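Not measured: the values here are computed from a predicted model. All ligand and atom numbering here is 1-based and tracks the order in the structure.
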Amino acid sequence: MIVVAFASKHGATEDIAKHIATGLTARGLQSEARSVNEIDGLAGADAVVLGSAVYAGSWMKDATGFVDRNAETLATLPVWLFSSGPLGDHVADDEEQPKQLDELRTRISPRGHRTFFGALDSAKLGFAERMLVKAVKAPEGDFRDWDEISSWTDEIADGLAAPTS
Ligand SMILES: Cc1cc2nc3c(=O)[nH]c(=O)nc-3n(C[C@H](O)[C@H](O)[C@H](O)COP(=O)(O)O)c2cc1C
């Protein structure tokens, strides 16, 4: 079983996780997308794909909490990480996101990390978030690239099929 764990505030990251789980299942790898808050341990998991939305440069606390709770198991499993963040068609600054990436790499030695463009629907935001988005002039819209997400899913499937030495 491949667990695709996600932390998502407004649903964009959840959809990406579901797309990945569907893609892995289509490749014959049993897979399930679940919120990090609904996962009670990783017994039975053969691999984990873990993704979080990025807010103010950081992974969501739900995602880092999941890593804290499962660090030992994650360090022994094949793990891939993804972040859903930048809006628009380019990454505005070259500061590496999420801020936790170095620490995540040290703690769980993931096989890879990908950043995918996200989605923003101001109708789903609360007042404070809406003001923040306005202040930083974040573009509104759905910038998720499903083909890119599918090819990364294929890379994971290939990685799991390849013999490990
Ligand atoms: C208040 C706010 C702050 C954000 N800050 C960042 C950021 O620092 N870096 C980034 O790449 N994306 C940022 N985003 C974009 C979100 O990460 C993106 O919309 C993401 O796809 C949302 O995922 P979710 O719907 O799963 O919560 C921000 C969005 C909002 C609304």
Side-chain angles (χ1 to χ4, degrees), residues 2-26 31-40 42 45 47-71 74 79-108 110-156:
I2 304 169
V3 175
V4 184
F6 63 84
S8 174
K9 191 166 181 193
H10 296 296
T13 314
E14 176 172 354
D15 292 346
I16 294 174
K18 287 179 174 163
H19 189 82
I20 293 170
T22 304
L24 290 170
T25 303
S31 177
E32 202 175 88
R34 297 222 324 255
S35 158
V36 286
N37 297 326
E38 287 166 11
I39 298 172
D40 186 16
L42 288 167
V48 175
V49 181
L50 170 62
S52 173
V54 176
Y55 285 94
S58 283
W59 259 22
M60 291 177 64
K61 284 210 172 63
D62 288 356
T64 52
F66 175 82
V67 172
D68 290 342
R69 287 195 300 283
N70 298 285
L74 288 168
V79 175
W80 284 263
L81 307 177
F82 71 92
S83 301
S84 126
L87 302 164
D89 56 8
H90 69 288
V91 179
D93 61 25
D94 44 30
E95 204 172 288
E96 193 174 52
Q97 290 194 125
K99 288 173 187 159
Q100 296 78 9
L101 190 54
D102 277 348
E103 191 194 330
L104 289 165
R105 285 196 169 120
T106 307
R107 285 180 83 185
I108 54 183
R111 293 201 185 179
H113 169 260
R114 265 305 169 86
T115 297
F116 295 118
F117 287 104
L120 174 68
D121 175 359
S122 65
K124 289 185 182 170
L125 304 181
F127 180 75
E129 275 187 322
R130 225 176 355 241
M131 289 299 111
L132 205 63
V133 158
K134 222 172 172 176
V136 300
K137 296 194 174 72
E140 184 170 350
D142 188 347
F143 304 97
R144 291 169 295 177
D145 183 336
W146 300 110
D147 288 343
E148 195 194 351
I149 296 162
S150 293
S151 358
W152 190 61
T153 305
D154 280 335
E155 281 177 34
I156 293 173

For [X], the ligand 1 atoms whose distance to one of its heavy atoms is below 4.0 Å:
{"X": "Thr13", "result": "23 (O), 24 (P), 26 (O)"}
{"X": "Lys9", "result": "24 (P), 26 (O), 27 (O)"}
{"X": "Gly118", "result": "21 (O)"}
{"X": "Leu120", "result": "31 (C)"}
{"X": "Leu87", "result": "15 (C), 19 (O)"}

Check for a donor-acceptor pair, side chain of [X] on one end and backbone N or O of [Y] on the other, with a separation under 3.5 Å.
{"X": "Arg34", "Y": "Val3", "value": "no"}
{"X": "Lys99", "Y": "Ala56", "value": "yes"}
{"X": "Ser83", "Y": "Thr115", "value": "no"}
{"X": "Arg130", "Y": "Ser122", "value": "yes"}

Got the closest protein heavy atom to [atom], with its distance?
{"atom": "atom 9 (N) of ligand 1", "result": "Gln97 OE1, 2.8 Å"}
{"atom": "atom 5 (N) of ligand 1", "result": "Ala56 N, 3.1 Å"}
{"atom": "atom 31 (C) of ligand 1", "result": "Val133 CG2, 3.5 Å"}
{"atom": "atom 15 (C) of ligand 1", "result": "Gly85 O, 3.5 Å"}
{"atom": "atom 14 (N) of ligand 1", "result": "Val54 O, 3.4 Å"}
{"atom": "atom 19 (O) of ligand 1", "result": "Ala119 O, 2.7 Å"}
{"atom": "atom 20 (C) of ligand 1", "result": "Ser84 OG, 3.4 Å"}
{"atom": "atom 1 (C) of ligand 1", "result": "Leu132 CD2, 3.6 Å"}

Can you name the side-chain contact (heavy atoms from CB on, under 4.5 Å) partners of Ala63, sequence neighbours left out?
Ala7, Ser52, Trp59

Residue selection (non-hydrogen contact nearest atom 8 (O) of ligand 1) among Gly57, Gly51, Pro86, Ala12:
Gly57

Who's closest to atom 2 (C) of ligand 1 heavy-atom-wise, of Tyr55, Phe117, Phe116, Phe143?
Tyr55

In Å and rounded to the nearest 0.5 Å, what is the NZ to CG distance from Lys134 to Leu125?
12.0 Å

Run the side-chain hydrogen bond (donor to acceptor under 3.5 Å, both in side chains) test against Glu148 and tell me which residues pass, sequence neighbours left out.
none

Is the ring pair Phe82/Trp152 parallel, tilted or perpendicular, if the boundaries are 30 and 60 degrees?
perpendicular

Geometric class of the His10/Tyr55 ring pair [parallel <30°, tilted 30-60°, perpendicular >60°]:
perpendicular

Exceeds 12 heavy-atom contacts within 6.0 angstrom, atom CG of Asp68:
yes

For residues Ser35 and Glu14, is any side-chain donor paired with an opposing acceptor at under 3.5 Å?
no

Side chain, backbone, both or neither: the part of Thr115 lying under 4.0 Å from ligand 1 by heavy atom
neither

Gly11-ligand 1 polar pair, N/O distance under 3.5 Å:
yes

Within-cut-off N or O pair, Ser8 and ligand 1, under 3.5 Å
yes

